[in-house]
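What follows is a short report on a single structure.
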Amino acid sequence: MKIENSVVLVTGANRGIGLAFTRELLARGARKVYAGARDPATAMQPGVQPLRLDVNKADDVMTAAQLASDVTLVINNAGIAQPGGFLAPDSEEVARRIFETNFFAMLRMSKAFAPALKANGGGALLNVLSVASWVNGGELAAYSASKSAAWSLTNALRSELAAQKTQVLALHMAYVDTDLTRGFDVPKSSPEQIVKRALDGLESGLDEVLADELTLQVKQGMTAARPSYLPQAS
């Protein structure tokens with residue numbers, strides 16, 4: 001799809017990658033950008049339309065779908081992380097909290113906005129995932145597991161939404177210089193770099209964007225083909 005003249009909703013739009021998305025979308029000629037945030041006052045960037053949206057609250061999502069019924073692109077960006085392994089005492093509580101935002105909220109948003117996308121010609125979903133969708137060393141165990149689940153969700157949605165001509169793009173990247181990774185002393189990409197590559201891929205009709213070199217290397221190491229015996233969406 002093309003960004004110019006599109007109507008876009010970005011979740012978690014008040015900082016980091018979400019904020020970079022709103023700015024780049026406007027620079028590329030988006031007609032309207034809804035900036036979803038729990039507190040709309042934190043998403044008052046020039047040119048955007050702030051929208052109260054806690055993706056973990058079904059009522060917020062339902063209201064947002066009604067207010068932003070003109071959307072042609074939904075960017076599921078909101079996400080959380082917490083260091084720790086699965087053998088930590090609180091790992092079950094941490095996993096449930098992270099899955100609620102990183103998986104179930106993405107599912108909730110996709111279901112709520114699929115009818116609007118269909119009504120507006122198909123449009124697109126862009127789901128912000130991670131290289132952690134494919135690797136899990138235990139340092140961010142629940143986060144990595146949630147991104148694996150979100151990757152699977154994204155692949156399923158691509159099949160289910162094909163009939164209504166909705167493009168579904170998975171964005172994968174390693175560390176990005178945001179609040180989420182502030183405590184990690186590792187090489188990081190800038191949010192602006194990641195967003196530009198994501199939107200270039202979207203406009204090129206891709207299903208998946210590998211937004212940095214590490215992610216590309218990891219994906220190239222995954223040589224197993226998709227098993228033919230898995231059931232396909234009808």
Side-chain angles (χ1 to χ4, degrees), residues 10-21 36-38 42 53-57 60-61 74-111 125-158 168-195 197-198 208-222:
V10 183
T11 67
N14 55 328
R15 60 181 181 172
I17 295 173
L19 177 58
F21 265 120
R38 287 190 296 266
T42 65
L53 178 56
D54 183 338
V55 294
N56 290 329
K57 293 182 177 179
D60 271 18
V61 172
V74 174
I75 299 179
N76 285 313
N77 165 71
I80 60 174
Q82 181 174 324
F86 281 131
L87 298 182
D90 62 346
S91 64
E92 292 182 46
E93 292 79 8
V94 169
R96 287 191 178 94
R97 183 172 64 86
I98 290 177
F99 265 77
E100 183 60 40
T101 298
N102 294 0
F103 176 80
F104 287 107
M106 185 178 289
L107 172 59
R108 185 178 299 115
M109 285 289 299
S110 301
K111 289 173 62 179
L125 282 174
L126 194 164
N127 290 343
V128 178
L129 305 176
S130 171
V131 69
S133 304
W134 311 312
V135 292
N136 193 341
E139 299 88 353
L140 290 164
Y143 172 82
S144 298
S146 73
K147 289 298 184 178
S148 294
W151 179 46
S152 182
L153 168 63
T154 302
N155 292 335
L157 288 171
R158 187 177 301 116
V168 179
L169 186 145
L171 170 61
H172 298 273
M173 67 282 187
Y175 290 102
V176 184
D177 190 11
T178 66
D179 291 346
L180 196 67
T181 64
R182 183 174 295 164
F184 296 93
D185 184 17
V186 294
K188 302 173 187 177
S189 301
S190 72
E192 292 75 19
Q193 288 175 318
I194 299 301
V195 163
R197 290 168 185 167
E208 188 169 72
V209 169
L210 311 179
D212 55 37
E213 186 60 32
L214 177 58
T215 302
L216 182 62
Q217 291 174 5
V218 171
K219 187 61 184 292
Q220 287 175 337
M222 298 169 59

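Small disclaimer: the values here were computed from a predicted structure and weren't measured.
Residues Leu53 and Met109 meet the side-chain proximity criterion, which asks for heavy atoms closer than 4.5 Å. At least one side-chain heavy atom of Lys219 sits less than 4.5 Å from a side-chain heavy atom of Glu208. In this structure, Glu100 and Arg108 have side chains that are in contact, with non-hydrogen atoms separated by less than 4.5 Å. Considering only heavy atoms from C-beta on, His172 stays 4.5 Å or farther from Val131 through its side chain. Inter-residue side-chain proximity for Val128 and Met106 is flagged as unmet; no heavy-atom pair is nearer than 4.5 Å. Looking at Ser148 and Asn136, their side chains never come closer than 4.5 Å, going by heavy atoms from C-beta outward.
A search for side-chain contact (heavy atoms from CB on, under 4.5 Å) contacts involving Glu213 returns Leu216, Gln217, not counting sequence neighbours.
Under the 3.5 Å distance criterion, the side-chain polar atoms of Ser189 are left unmatched by any main-chain donor or acceptor of Val176. Without hydrogens or angle criteria, Ser152 side chain to Ala149 main chain gives no donor-acceptor distance under 3.5 Å. Between the side chain of Asp90 and the main chain of Glu93, no donor-acceptor pair closer than 3.5 Å is present. Panel note: side chain Asp177, backbone Pro191; no donor-acceptor pair is recorded below 3.5 Å.
Looking at Asn77, Ile194, Asn127 one by one, the single match for side chain to side chain contact (heavy atoms under 4.5 Å, CB included) with Leu171 turns out to be Ile194.
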